[in-house]
Number of protein chains: 2
Amino acid sequence: MTVIESIPATDLLDPTPCATPPSAYLRPDGEDRYTIGEVAQFTGLSAHTLRWYEQIGLLGQVERSHTGQRRFCNRDLDWLELVGKLRLTGMAVADMVRYAELVRQGESTFDERREILLATRRQVLARIAELHGTLAVLDYKIDYYGGSGR
Amino acid sequence: MTVIESIPATDLLDPTPCATPPSAYLRPDGEDRYTIGEVAQFTGLSAHTLRWYEQIGLLGQVERSHTGQRRFCNRDLDWLELVGKLRLTGMAVADMVRYAELVRQGESTFDERREILLATRRQVLARIAELHGTLAVLDYKIDYYGGSGR
DNA sequence: GGCTTGCCTAGAGTGCACTCGAAGGTCTTA
DNA sequence: TAAGACCTTCGAGTGCACTCTAGGCAAGCC
């Protein structure tokens with residue numbers, strides 16, 4: 001919960017459109033075929049939720065095995081990590097789907113994507129300020145109830 | 001939204017159990033009898049929501065006029081202001097109801113109330129840290145999309 | 001061969017926090 | 001005294017983000 005991550009310089013050159021900061025992959029690229037159960041464990045999302053994400057377009061078409069089972073790749077994990085971060089900001093699923101669609105449309109949507117992220121950034125800053133405000137109220141009342149304990 | 005409030009020293013002695021930081025009251029104490037519509041306008045909550053809050057015990061018995069209409073007082077506004085702050089922390093309504101019950105039970109519940117607020121405080125701090133983490137990711141991606149704009 | 005485990009689909013259900021509608025009573029202003 | 005804004009209760013509806021159910025397939029193990 002108290003995760004403030006730093007971003008290694010090696011990642012700053014990553015050319016993929018859905019680049020996100022570092023992940024500890026389960027397997028190296030080329031051998032990256034994960035079952036839905038593995039991904040569920042790795043991301044903390046349920047298998048149900050992962051299927052639902054794909055269904056609503058938040059995940060794009062996931063590859064399938066010859067028997068029709070999903071086989072997620074490292075890139076999918078990257079994307080899910082970003083989705084997780086966006087979810088933490090309070091962004092609505094529908095908005096994330098919109099963003100995912102823009103990613104799928106390619107480079108021509110860079111500007112729009114940047115705008116979305118900038119707007120999200122502003123909302124996060126506002127939310128942080130709001131939380132500092134509630135913190136002041138909480139501290140005031142905690143003091144009233146006999147203080148300390150912090 | 002960017003409200004970081006300061007608490008005037010004059011309020012620090014307030015002896016009421018549901019004391020909250022300053023409100024700009026509509027009317028001075030003694031003449032503080034507001035209709036539900038006025039309170040709705042003042043708090044931004046709908047009249048429906050205010051009735052629902054009372055119904056579930058988040059608001060305690062609101063006074064009534066001789067014809068049975070609700071007449072809110074400044075104290076109710078104070079309480080609603082606190083509820084608004086707690087709601088901003090993401091506290092569940094059921095938990096706020098629990099807190100309200102403790103307030104109604106009187107001084108013997110001071111310790112328990114302080115514990116609740118301390119726990120909430122920890123959650124708010126964790127949430128702020130989490131948001132700083134998402135901010136780092138957003139900045140990373142915004143840079144990738146051509147930066148600036150902040 | 002039978003059992004278990006894990007996966008598939010489509011669609012229904014859940015919990016939260018409101019939010020609204022219906023049917024009717026009351027208050028205010030003209 | 002009449003219009004219309006505002007009030008009441010009760011219960012149903014909404015939107016979100018999952019979460020689960022049912023019914024079935026496929027692979028691995030004893």
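What's counted below: heavy atoms across the whole structure, side chains too, no hydrogens, waters or symmetry copies. Residue numbering restarts at 1 for every chain, and letters A, B, ... go by the order of the sequence lines. Because the structure is predicted, anything quoted here is derived from the model rather than measured.
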_Salt-bridge criterion met for A/Arg75 and A/Asp78 (N-O under 4.0 Å)_ = no
*Just how far, in rounded Å, is P of D/dG13 from CH2 of B/Trp52?*
18 Å
*Separation of atom CD in A/Glu54 from atom P in D/dA17, rounded to whole Å*: 19 Å
_Quiz item: B/His48 side-chain donor-acceptor pair to C/dC20 base, under 3.5 Å_ = yes
*Between P of D/dA5 and CD of B/Gln69, the distance in whole Å*: 16 Å
*asked:* Please tell me if B/Tyr53 has a side-chain N or O lying less than 4.0 Å from either OP1 or OP2 of C/dC18.
replied: yes
*Establish, with yes or no, whether the OP1 or OP2 oxygen of C/dC7 is under 4.0 angstrom from a side-chain nitrogen or oxygen of A/Thr35.*
yes
_Parallel, tilted or perpendicular: ring planes of A/Tyr144 versus B/Phe110, cut at 30 and 60 degrees_ = tilted
*Would you say A/Arg87 reaches D/dA17's phosphate, i.e. side-chain N/O to OP1/OP2 under 4.0 Å?*
no
*Which nucleotide sits closest to the side chain of B/Thr49: C/dC18, C/dA17, D/dT8?*
C/dC18
*Answer yes or no: does a side-chain N or O of B/Arg64 lie under 4.0 Å from OP1 or OP2 of C/dT26?*
no
*Rounded to the nearest Å, what distance is computed from the NE2 atom of residue A/His66 to the C1' atom of nucleotide C/dC7?*
12 Å
*What is the distance, rounded to the nearest whole Å, between atom CG of B/Leu45 and atom P of C/dA17?*
14 Å
*Counting only side-chain N and O atoms of A/Arg51, is one of them less than 4.0 Å from OP1 or OP2 of D/dC20?*
no
*With side chains defined as the heavy atoms from C-beta onward, is the minimum distance between B/Ile36 and B/Arg51 less than 4.5 Å?*
yes
*Expressed in angstrom and rounded to an integer, what is the separation of B/Leu50 atom CG from D/dC6 atom C1'?*
14 Å
_If you assign B/Gly90 and A/Gly37 each to the DNA chain C nucleotide with the nearest heavy atom, which residue ends up on the more 5' nucleotide?_
A/Gly37
*Rounded interatomic separation in angstrom, taking CD from A/Gln41 and P from C/dG6*: 10 Å
_Reading DNA chain C from 5' onward, which residue's closest nucleotide shows up sooner: B/Arg71 or B/Met91?_
B/Met91
_I'd like to know if B/Arg127 and A/Glu130 make a salt bridge, using a cut-off of under 4.0 Å between side-chain N and carboxylate O._
no
*Please answer whether the main-chain N or O of B/Tyr140 pairs with a side-chain N or O of B/Asp143 as donor and acceptor at a distance below 3.5 Å.*
no
*In whole angstrom, what separates B/Gln55's CD from D/dA12's C1'?*
13 Å
*Looking at every strand, decide which applies to A/Thr67 at a 4.0 Å heavy-atom threshold: base, sugar-phosphate, or nothing.*
sugar-phosphate
*Is the shortest side-chain N/O distance from B/Arg70 to OP1 or OP2 of D/dT8 below 4.0 Å?*
yes
*Quick one: label B/Ala47 by what it contacts on the DNA or RNA (base, sugar-phosphate, nothing), any heavy atom closer than 4.0 Å.*
nothing
